[in-house]
Peer 1: 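What follows is a single structure, and I will ask about it in a moment.
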Amino acid sequence: MRVGELRELATEKGFSQSAKGLKKKELVQLLQSNTNNKSFPPQHTTPTPNLRRKPTSMPNPNFTTPPLTPSQERAIRLSHPVLSSLPPSDLDVVFLGTASCSPSITRGVSCTALRLNWRSGGIWLFDCGESTQLQLQKSPDVKPGKVNKIFLTHSHGDHTFGLPGLLCLIGQDRDKGAEPLDIYGPEGLREWLRVTVRWSCSRICPNYRVHELKGLPMAPGWRRLHNGGYRYSPIPHSERVYQKNDSREIKDDLQSYVNYVSKTPPLESNPNYGEVPGGLDIEPNWSHPESSRNAPVWDLITDEDEGDMRVSASVMSHGVPCIGYVCKEVDRPGRLRSEIAMPVLERNIGAMKEQGIRDPMKVMGFLKTLPKGEVFEFPDGTVLKSEDIVEEERKGRKVVICGDTCDAGALEKLAEGADLLVHEATNSYLKGIDTGTSYREVQMETIKHGHSTPQMAAEFAKTIGAKKLALNHFSPRYKGDCSDDSLRISRRIERQAIEHAGELGAEDVVAAWDFMVLPIPTGKGVVSGVGVEADNENN
């Protein structure tokens with residue numbers, strides 16, 4: 001080493017005063033006397049890097065975790081507490097799109113299918129966002145040809161842009177003489193669909209008819225802006241009461257589409273583009289017995305229309321006119337306990353024929369309809385009581401599917417006791433991920449845009465006494481795939497909801513993902529023609 005280098009080293013070690021005026025040999029002796037390194041100065045050799053011994057298990061930095069196989073993803077999904085506790089059912093919900101705003105490679109936008117599995121063609125879609133036709137082709141559980149009803153909650157593109165394309169997909173394999181597809185939605189839908197289908201020359205659409213919900217108001221708290229949009233100003237619960245003239249404000253809004261439709265000569269329906277006569281204009285009922293907050297209710301499907309399902313709707317609080325739907329299964333008679341009745345009937349067949357009963361087996365149908373408290377006596381003297389051979393009447397199930405909303409209170413009475421509540425949870429506050437903000441700030445920003453957090457959805461589930469809560473309509477930043485990060489975020493979102501959902505636990509709350517199938521268990525008995533049994537404990 002040079003003298004200058006030795007002096008710098010001595011200065012670093014605190015010997016600057018002692019090193020003054022010393023020659024090279026003296027500097028070396030000074031440094032040697034104050035260090036344990038007796039080989040000083042260092043030899044001019046190539047230094048050996050001081051590296052840890054590389055363990056044999058050290059991962060290759062160029063190695064990436066291989067993607068999960070479909071069977072591995074399915075196993076992960078089915079292990080969720082909600083699904084692991086439910087048996088298959090004749091009524092279920094399939095989530096085809098669970099994102100808001102725009103579709104991504106891991107989530108489609110809003111589309112939810114309700115499958116009435118006891119019917120040959122019993123699939124109802126709720127909302128039809130962009131890429132819905134692709135989601136249906138990916139799904140093994142929803143066939144486009146089985147869809148016979150579509151319900152739209154509002155006009156935003158992430159709930160409607162997929163409708164024209166889906167109609168073209170359905171029309172490819174549907175006979176022109178088939179029963180028309182029924183489409184329900186807010187006022188203005190009929191004209192929008194006519195223009196879209198006709199402008200694009202889409203002549204392969206199936207036969208369809210549009211049923212419009214007329215007079216749909218904005219929810220209390222939304223105020224019209226000069227540019228034609230609406231902004232929400234939080235108001236106390238006591239003031240969230242609907243007024244019958246609220247819907248007039250929308251028609252008076254010169255910027256609104258409803259205003260345009262109401263004052264522009266409409267296009268006539270044209271069967272060459274699929275639309276057939278029979279579309280209804282459904283007026284609101286402002287004095288409905290199940291109205292909440294004086295909100296209007298629309299009865300879309302009654303017992304007389306379908307026989308086994310009813311559908312009603314009411315207003316959601318969002319930045320455009322928006323509705324939520326309540327699907328209620330009609331109560332069904334109790335199951336006949338054939339294991340009790342059949343042996344008695346079989347040993348009396350001969351005697352009953354002698355009495356003039358040509359087909360004794362028809363007595364089974366009579367026994368099932370035997371009024372409560374009544375009895376039936378067979379020729380051999382055996383008496384069967386109604387309560388001994390017919391199970392209790394099975395209460396119909398109820399599924400509530402909300403549109404985008406920051407307040408679903410108008411559905412409170414209609415949705416009471418829901419077996420399943422599907423509620424949006426667009427934004428969440430995730431501590432450690434969301435920096436520079438708080439839950440309060442996230443909630444206020446979410447409400448301002450007419451949306452909800454998991455906590456808000458859970459509060460409504462608790463209010464109506466829902467048995468299950470499925471969250472959907474997530475911000476695109478929540479990917480929803482099977483990666484560790486996505487699964488952890490989903491579990492955190494679910495825990496936020498559980499903390500505010502009253503008696504609901506981990507087996508009752510789920511952050512839905514695309515293609516998830518959620519069964520809705522039956523009560524006692526077996527649904528005729530399906531053979532799907534469900535334990536009452538799972539109800």
Peer 1: Can you check whether Ser317's main-chain N or O pairs, donor with acceptor, with Thr405's side chain at less than 3.5 Å?
Peer 2: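 Present.
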
Peer 1: Would you indicate whether the side-chain heavy atoms of Tyr478 and Ser428 approach each other to under 4.5 Å?
Peer 2: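 Yes, their side chains come closer than 4.5 Å.
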
Peer 1: Would you give the length of the straight line joining atom CG of Leu471 to atom CD of Gln496, rounded to the nearest 0.5 angstrom?
Peer 2: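 Here the interatomic distance stands at 10.0 Å.
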
Peer 1: For Lys479, does the NZ atom have more than 12 heavy-atom neighbours from other residues, nucleotides or ligands under 6.0 Å away?
Peer 2: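 12 or below, so no.
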
Peer 1: To the nearest 0.5 angstrom, please state how far the CZ atom of Arg190 sits from the OH atom of Tyr208.
Peer 2: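 Taking CZ in Arg190 and OH in Tyr208, the distance rounds to 9.5 Å.
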
Peer 1: Drop me the distance from Cys128's SG to Asp158's CG, to the nearest 0.5 angstrom.
Peer 2: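 It is 11.5 Å, given to the nearest 0.5 Å.
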
Peer 1: Below 4.5 Å, heavy atoms only, C-beta onward: do Lys176 and Asn207 meet side chain to side chain?
Peer 2: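 In short, these two side chains touch, coming nearer than 4.5 Å.
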
Peer 1: When rounded to the nearest 0.5 angstrom, what is the spacing between NE2 in His288 and OG in Ser314?
Peer 2: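 Those atoms lie 9.0 Å apart.
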
Peer 1: Is Lys413 paired with Glu416 through a side-chain N to carboxylate O contact shorter than 4.0 Å?
Peer 2: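 No, this pair does not count.
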
Peer 1: Can a side-chain donor-acceptor contact be found between Asp485 and Ser483 if the only test is distance below 3.5 angstrom?
Peer 2: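 Per modelled atom types, Ser483 and Asp485 side chains form no pair under 3.5 Å.
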
Peer 1: Establish, from distance only, whether the side-chain atoms of Asp514 and Gln135 form a donor-acceptor pair under 3.5 Å.
Peer 2: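 There is such a pair between these side chains.
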
Peer 1: Are the side chains of Leu193 and Leu167 in contact, using a 4.5 Å heavy-atom criterion?
Peer 2: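 Counting from C-beta outward, Leu167 and Leu193 do come under 4.5 Å.
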
Peer 1: Are Cys402 and Met316 close enough that some pair of their side-chain heavy atoms sits under 4.5 Å apart?
Peer 2: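 Side-chain contact under 4.5 Å: yes.
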
Peer 1: Which value, rounded to the nearest 0.5 Å, describes the distance between Trp199 atom CH2 and Leu267 atom CG?
Peer 2: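 That separation rounds to 14.0 Å.
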
Peer 1: Without hydrogens or angle criteria, can the side chains of Thr446 and Asn427 be said to hold a donor-acceptor pair below 3.5 Å?
Peer 2: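 Looking only at side-chain atoms, Asn427 and Thr446 do form a donor-acceptor pair, the distance falling under 3.5 Å.
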
Peer 1: Would His80 and Glu494 count as having a side-chain donor-acceptor pair, cut-off 3.5 Å?
Peer 2: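 Yes.
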
Peer 1: Is it the case that the side chains of His473 and Thr426 hold a donor-acceptor pair, with the cut-off being a distance below 3.5 Å and no angle test?
Peer 2: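 There is such a pair (donor and acceptor under 3.5 Å, judged by atom type) between the side chains of Thr426 and His473.
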
Peer 1: Roughly how far apart are Ile493 CD1 and Ile498 CD1, rounded to 0.5 Å?
Peer 2: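 Between Ile493 CD1 and Ile498 CD1, I get 12.0 Å after rounding to 0.5 Å.
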
Peer 1: Inspect the contact between Arg397 and Asp90 and indicate whether a charged nitrogen and a carboxylate oxygen are less than 4.0 angstrom apart.
Peer 2: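 Looking at Asp90 and Arg397, the cut-off is met.
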
Peer 1: Taking side chain as C-beta onward, heavy atoms only, is Val94 less than 4.5 Å from Thr112?
Peer 2: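 Result no, sub-4.5 Å side-chain heavy-atom pair not found.
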
Peer 1: Within the 3.5 Å criterion, strictly below it, is a donor on Asn285 or Ser287 matched to an acceptor on the partner's side chain?
Peer 2: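 The criterion, which ignores hydrogens and geometry beyond distance, is satisfied for Ser287 and Asn285.
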
Peer 1: Is the distance between the ring centroids of His318 and His451 less than 6.0 Å?
Peer 2: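 Centroid distance His318-His451: below 6.0 Å, so yes.
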
Peer 1: Do the non-hydrogen side-chain atoms of Ser100 and Pro476 ever get within less than 4.5 Å of each other?
Peer 2: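 Ser100 reaches Pro476 side chain to side chain.
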
Peer 1: Which of these passes side chain to side chain contact (heavy atoms under 4.5 Å, CB included) with Lys149: Leu181, Val311, Ile301, Leu114?
Peer 2: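 Per the side chain to side chain contact (heavy atoms under 4.5 Å, CB included) rule, the option paired with Lys149 is Ile301, out of Leu181, Val311, Ile301, Leu114.
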
Peer 1: Less than 4.0 Å between a side-chain N and a carboxylate O, is that true for Glu329 and Arg394?
Peer 2: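 Yes, charged N to carboxylate O under 4.0 Å.
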
Peer 1: So does Arg293 pair up with Asp407, basic N to acidic O under 4.0 Å?
Peer 2: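 Salt bridge: yes.
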
Peer 1: Check Lys468 with Asp508, please: is the shortest side-chain N to carboxylate O separation under 4.0 Å?
Peer 2: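 Yes.
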
Peer 1: With a 4.5 Å limit on heavy-atom distance, are the side chains of Trp124 and Ile401 in contact?
Peer 2: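 Trp124 does not reach Ile401 side chain to side chain.
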
Peer 1: State whether Glu391 and Lys368 are salt-bridged, where the test is any N-O pair (Lys NZ or Arg NE/NH1/NH2 against Asp/Glu carboxylate O) under 4.0 Å.
Peer 2: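 Answer for the salt bridge query: no.
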
Peer 1: So, does Arg115 use its side chain to make a donor-acceptor pair with the main chain of Asp141 at under 3.5 Å?
Peer 2: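 The answer is yes, because a donor-acceptor pair under 3.5 Å joins these two groups.
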
Peer 1: With no hydrogens and no angle check, do the side chains of Arg332 and Thr522 hold a donor and an acceptor under 3.5 Å apart?
Peer 2: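 No donor-acceptor contact under 3.5 Å links the two side chains.
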
Peer 1: How about Trp513 and Thr98: does a side-chain donor come under 3.5 Å of a side-chain acceptor?
Peer 2: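 Their side chains do not contain a donor-acceptor pair, so the 3.5 Å distance test is not met.
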
Peer 1: Is Val422 close to Leu518 at the side-chain level, that is, under 4.5 Å between some pair of heavy atoms?
Peer 2: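 No - every pair of side-chain heavy atoms lies 4.5 Å or more apart.
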
